[in-house]
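Fair warning: this is a prediction, and the values are worked out from it, not measured in the lab.
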2 protein chains.
Amino acid sequence: MQEHNPMRITTQRQIILEELLKVTSHPTANEVYDMVRKRLPRIGLGTVYRNLELMSETGMILKLEVGGTQKRFDATVTPHYHVRCMECGRVDDIKIPIQDDINELAAEACHYQILGHHIEFTGLCGDCGKSPQQKTSIN
Amino acid sequence: MQEHNPMRITTQRQIILEELLKVTSHPTANEVYDMVRKRLPRIGLGTVYRNLELMSETGMILKLEVGGTQKRFDATVTPHYHVRCMECGRVDDIKIPIQDDINELAAEACHYQILGHHIEFTGLCGDCGKSPQQKTSIN
DNA sequence: TACTAATTGGTAACATATCTCAAGATAAGT
DNA sequence: ACTTATCTTGAGATATGTTACCAATTAGTA
């Protein structure tokens with residue numbers, strides 16, 4: 001009889017993880033698909049979604065549900081914050097100390113059992129900030 | 001000649017705003033659609049999307065792009081943070097002081113022009129926290 | 001090597017959000 | 001109140017992002 005639910009090491013999974021580790025950006029499933037397809041042209045989009053989801057469930061990678069409609073994925077699993085460009089949607093890491101204390105503040109301010117938090121900064125990235133197009137920026 | 005671009009006051013817009021003001025949750029466009037449809041059964045989903053988007057552009061309401069794939073809308077426009085239930089997806093306000101200082105920290109830590117930030121706490125809401133189903137909770 | 005269950009690729013289905021456009025409604029002037 | 005110009009609506013079509021389905025393939029084990 002076989003062991004229950006051991007995640008098999010497939011070429012697809014390996015390459016998806018490898019490609020994700022290569023970049024510091026936070027690609028969407030589609031972007032990962034494009035990256036992986038250069039090495040595995042026949043891979044299916046479903047496979048990419050399936051595995052990104054799986055790997056995020058097991059904690060191998062991080063699924064970011066930040067602003068914007070698409071999910072993004074991150075191979076850096078240690079807690080950290082993000083900044084998102086309002087113009088192009090790009091997401092980068094922000095290395096500032098984790099604000100542990102605010103969890104307690106929050107717990108006192110609501111009826112939730114607080115398990116964690118995430119901070120997302122918004123702004124303009126290096127490229128988009130150069131040409132200062134007047135945009136109504138709320139928050 | 002007519003004034004340029006004055007947002008007209010239509011029944012649909014009024015009711016959408018009224019319904020949004022009634023709730024403290026942060027409904028998705030679809031949820032707003034359901035709420036509004038009770039009073040305006042013939043309203044189209046497109047109209048709801050269109051107007052929520054419009055109203056958020058003019059600053060009348062707030063468009064939250066928090067975790068989860070759907071956009072959510074909030075009639076409270078003063079800056080505040082949110083908590084999201086990992087179980088049911090519900091989103092509530094958290095009334096803790098705005099952490100203004102971290103914007104400067106962030107600005108120093110990256111090459112973005114920082115314009116703002118949002119903190120989203122994750123946890124279990126009153127209802128979901130009661131029946132402690134063992135869930136793998138990352139972050 | 002052969003077996004068994006997990007995994008894949010391709011496609012269809014689904015969910016969410018936006019676009020199109022004729023018909024209807026609003027605001028301003030008469 | 002009537003007219004007109006323009007904005008807005010509703011309904012469906014379309015686009016985008018994600019998941020489900022299933023026969024064929026593959027990894028891990030004996």
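Rounded to whole Å, atom C1' of C:dA5 lies 16 Å from atom CD1 of A:Ile9. What separates CD of B:Gln12 from C1' of C:dA23 is a distance of 13 Å, to the nearest Å. Atom CE in A:Met7 sits roughly 15 Å away from atom C1' in C:dT8 (whole-Å rounding). Atoms CD (B:Gln70) and P (C:dC14) sit 17 Å apart, rounded to a whole Å. Distance, A:Glu57 CD to D:dT18 P: 15 Å, rounded to whole Å.
Without hydrogens or angle criteria, B:His26 side chain to B:Val91 main chain gives a donor-acceptor distance under 3.5 Å. B:Arg39 contributes no side-chain N or O that, together with a main-chain N or O of B:Ile15, makes up a donor-acceptor pair within less than 3.5 Å. Side chain of B:Arg90 to main chain of B:Arg84: no donor-acceptor pair is present (N/O by atom type, distance under 3.5 Å, no hydrogens or angles).
With C:dA6, D:dA27, D:dT9 as the candidates, the nucleotide lying closest to the side chain of A:Arg13 is C:dA6.
Aromatic ring pairs are classed by plane angle as parallel below 30°, tilted from 30° to 60° and perpendicular above 60°; the pair B:Tyr81 and B:Phe121 is perpendicular.
Near DNA chain C, meaning a heavy atom under 4.0 Å from it, residues 15-54 of chain A has A:Arg42, A:Ile43, A:Gly44, A:Thr47, A:Arg50, A:Asn51 in order of number.
Between the side chain of B:Arg8 and the base of C:dA27, no donor-acceptor pair under 3.5 Å is found.
Side-chain contact between A:Gln99 and A:Ile119 is present, with at least one heavy-atom pair separated by less than 4.5 Å.
A salt bridge does not link A:Glu53 to A:Arg50: none of the charged side-chain nitrogens sits closer than 4.0 Å to a carboxylate oxygen.
For B:Lys71 and C:dT18, the shortest distance from a side-chain N or O to OP1 or OP2 is below 4.0 Å.
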